[in-house]
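The structure under discussion appears below in the form of structure tokens.
Whatever order the structure lists ligands and atoms in, that order sets their numbers, starting from 1. As the structure is a prediction and not an experimental result, all values here were calculated from the model.
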Amino acid sequence: MSEGKLIVITGPSGVGKGTLLKKLLEKYPDRIFFSISATTRSPRAGEENGREYLFWSRAEFEQKRDAGEFLEFAEYAGNLYGTPISAISQAIELGRIVLLEIELEGARQVAVSFPSAKRIFISPPSMEVLESRLRDRSTDSDEQIVKRLHHAQLEVAAADEFDITIVNDDLEVAFHQLEQAVIY
Ligand code: 5GP
């Protein structure tokens, strides 16, 4: 796996990564390959197996993890998440820009195994804004929101480990910065 460009996007849950990445994929459908992760969490309303995630049981995930089939994996808010190598190796060989949207521990693993990967951090304007975005989207239980805010603090504190930080305050400004970082 050496030809394509591997880009890691990390940022707290609720920061707006999903919206930014969706815009980017819509604008550059042929250049960008978005890696579909596997997870043991349950699908949210509207999510489909094989589209947002590969929804695997913990036993299936652990069996594949133990067989070395993940580029990286991590436990987040009580569930496992990981990037199956099979999903991205072909796209990298074909020279496409491969985007991984993953949390901090996974980003650190990729920094070790793929030092040439560009790592981008998406930051909220403040923790207060992040909390209200998480509560407004009402996809997660209170318990999940508390876990996600705790993780968010750890992630924001690690922002300077990344090559680039983009503050998602104004969506258009953040999108322009992301586009510059990914495409050019
Ligand atoms: P969510 O449950 O909100 O979809 O995702 C929770 C967190 O898991 C997000 O920070 C997301 O970036 C991260 N995540 C999603 N897929 C992966 C993956 O394959 N590996 C790792 N390490 N984190 C992931």
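Heavy atoms of Y76 found under 4.0 angstrom from ligand 1 belong exclusively to the side chain. Under 4.0 Å from ligand 1, not a single heavy atom of Q109 appears. Under 4.0 Å from ligand 1, not a single heavy atom of E52 appears.
Looking at R135 and D142, a side-chain N of the basic residue comes within less than 4.0 Å of a carboxylate O on the acidic one, giving a salt bridge. Looking at E103 and K17, no side-chain N of the basic residue comes within less than 4.0 Å of a carboxylate O on the acidic one, giving no salt bridge. Taking 4.0 Å as the cut-off between side-chain N and carboxylate O, E105 and R108 count as a salt-bridged pair. Salt bridge present: K64 and E60 bring a charged side-chain N and a carboxylate O closer than 4.0 Å. Note on K147 versus E143: salt bridge recorded, some NZ/NE/NH1/NH2 to OD/OE distance being below 4.0 Å.
Atom 19 (O) of ligand 1 has S37 OG, 2.6 Å as its closest protein atom, hydrogens excluded (heavy atom only). The nearest protein atom to atom 12 (O) of ligand 1, hydrogens excluded, is given as E101 OE2, 2.4 Å; this is a heavy-atom distance. Protein heavy atom closest to atom 4 (O) of ligand 1, with residue, atom name and distance, is Y53 OH, 2.5 Å. When only non-hydrogen protein atoms are considered, atom 3 (O) of ligand 1 lies nearest to R148 NH1, 2.7 Å. Here the protein heavy atom with the shortest distance to atom 23 (N) of ligand 1 is E103 N, 3.1 Å.
Geometrically, R119 engages F162 in a cation-pi contact, judged by NZ or CZ lying under 6.0 Å from the ring centre and within 45° of the ring axis.
Using a 4.0 Å cutoff on heavy atoms, E105 does not count as a contact of ligand 1. Using 4.0 Å as the threshold, F70 has no heavy atom nearer than that to any atom of ligand 1. Using a 4.0 Å heavy-atom cutoff, H151 is absent from the residues neighbouring ligand 1. Residue E155 places no heavy atom under 4.0 Å from ligand 1.
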CA sep, side-chain torsions, deciding dist, call: E179, Y28, side-chain hydrogen bond (donor to acceptor under 3.5 Å, both in side chains) = CA-CA 10 Å; E179 186 179 19; Y28 299 99; 2.4 Å; yes
Given the rule in the side-chain hydrogen bond (donor to acceptor under 3.5 Å, both in side chains) test, do R133 and S13 qualify, once you have shown the distances and angles that lead to the verdict?
-> CA-CA 9 Å; R133 283 186 194 164; S13 184; over 6 Å; no
Please assess R137 against T139 for the test side-chain hydrogen bond (donor to acceptor under 3.5 Å, both in side chains), listing each intermediate value before the final yes or no.
-> CA-CA 6 Å; R137 77 178 183 183; T139 47; 3.2 Å; yes
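Residue R148 is tested with H151, Q144, H150 for a side-chain hydrogen bond (donor to acceptor under 3.5 Å, both in side chains); the sole match is Q144.
Close approach of ligand 1 to R41 is summarised as follows: ligand atoms under 4.0 Å from at least one heavy atom of the residue are 1 (P), 2 (O), 4 (O). Annotation for ligand 1: atoms under 4.0 Å from non-hydrogen atoms of A74 are 22 (N). Of all atoms in ligand 1, numbered sequentially from 1 with element shown, those under 4.0 Å from a heavy atom of G82 are 18 (C), 19 (O), 20 (N).
Within the 6.0 Å centre-distance limit, the rings of F70 and F61 are counted as a close aromatic pair.
Residue contacts with ligand 1: E72 is placed with a nitrogen or oxygen under 3.5 Å of a nitrogen or oxygen of the ligand (distance criterion only). Close N/O approach between R137 and ligand 1 is not found [any backbone or side-chain N/O within under 3.5 Å].
The option from I102, L54, L71 that lies nearest to atom 24 (C) of ligand 1, judged by heavy atoms, is I102.
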